[in-house]
Amino acid sequence: MDKERCVRALSRVHSYLDGEIRAMRRVRIRLHLRKCLNCERAYEFEQRLMRFVRERIRVEAPPEVVERIRTSIRDLRRH
């Protein structure tokens with residue numbers, strides 16, 4: 001597989017997983033992943049890692065941060 005295509009595809013894996021890229025680019029990446037076993041494996045690893053982090057790691061915000069966010073939201077609604 002063309003090494004440059006692999007570099008481009010893998011540089012966009014997180015954006016691809018987060019759905020933050022345009023449809024045509026998603027199609028190109030998806031096609032590349034189907035053709036390139038190394039990139040597909042890297043993609044699957046990143047996908048599993050993101051799922052693991054999302055499911056198992058929870059961080060509680062300190063109460064003062066939560067209150068600051070609530071205050072900011074109230075202020076935004078007033079304007």
Side-chain angles (χ1 to χ4, degrees):
M1 190 50 51
D2 178 11
K3 190 171 185 162
E4 188 176 317
R5 286 183 184 184
C6 292
V7 169
R8 278 195 312 255
L10 292 176
S11 72
R12 295 180 174 117
V13 165
H14 289 278
S15 297
Y16 178 84
L17 287 167
D18 292 337
E20 297 174 345
I21 55 178
R22 294 185 318 256
M24 273 309 292
R25 186 160 285 153
R26 286 187 68 78
V27 169
R28 281 191 226 127
I29 292 171
R30 190 175 314 126
L31 290 173
H32 178 80
L33 293 174
R34 287 182 184 161
K35 294 178 189 176
C36 181
L37 185 59
N38 289 332
C39 288
E40 182 182 34
R41 286 180 180 157
Y43 164 77
E44 288 172 353
F45 172 80
E46 293 296 333
Q47 189 178 39
R48 286 191 309 272
L49 179 63
M50 287 178 72
R51 188 177 312 124
F52 176 83
V53 170
R54 194 172 35 249
E55 290 172 355
R56 292 188 175 79
I57 297 177
R58 303 283 185 221
V59 177
E60 293 291 325
E64 60 272 9
V65 172
V66 173
E67 187 53 40
R68 242 184 299 155
I69 292 170
R70 286 184 179 142
T71 301
S72 295
I73 292 171
R74 280 192 297 260
D75 290 346
L76 285 172
R77 287 182 178 165
R78 290 182 198 155
H79 296 292

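For reference, positions follow the sequence shown, starting with 1.
A continuous path of ILVMFWY side-chain contacts below 4.5 Å connects L49 to I57, so both sit in one hydrophobic cluster. Both I73 and V65 belong to a single network of hydrophobic side chains, linked directly or stepwise wherever heavy atoms of I, L, V, M, F, W or Y lie under 4.5 Å apart. In the hydrophobic cluster analysis, where Ile, Leu, Val, Met, Phe, Trp and Tyr join through side-chain heavy atoms closer than 4.5 angstrom, L17 is grouped apart from F52. The cluster map of Ile, Leu, Val, Met, Phe, Trp and Tyr, joined by side-chain heavy atoms under 4.5 Å apart, puts I29 and M50 in the same cluster.
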request  = Test side-chain contact (heavy atoms from CB on, under 4.5 Å) on L10 and E46 and set out the steps.
outcome  = CA-CA 10 Å; L10 292 176; E46 293 296 333; over 6 Å; no
query = Does the salt bridge (Lys or Arg N to Asp or Glu O under 4.0 Å) test come out yes or no for R68 and E64, once each step is laid out?
reply = CA-CA 6 Å; R68 242 184 299 155; E64 60 272 9; 5.7 Å; no
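Closest heavy-atom contact between R30 and Y16: NE-OH, 3.4 Å. Nearest approach of C39 to L33, heavy atoms of both residues: O-CD2, 3.5 Å. Heavy atoms only, all atoms of each residue included: G19 and R26 are closest at CA-NH1, 3.6 Å. When all heavy atoms of I21 and S15 are compared, the closest pair comes out as CG2-CB, 3.5 Å.
Between E67 and R74, at least one side-chain nitrogen of the basic residue sits less than 4.0 Å from a carboxylate oxygen of the acidic one, meeting the salt-bridge criterion.
In this structure, R28 CZ and R22 CZ are separated by 7.0 Å, a value rounded to the nearest 0.5 Å. A distance of 7.0 Å separates CZ of R8 from CG of D2, quoted to the nearest 0.5 Å.
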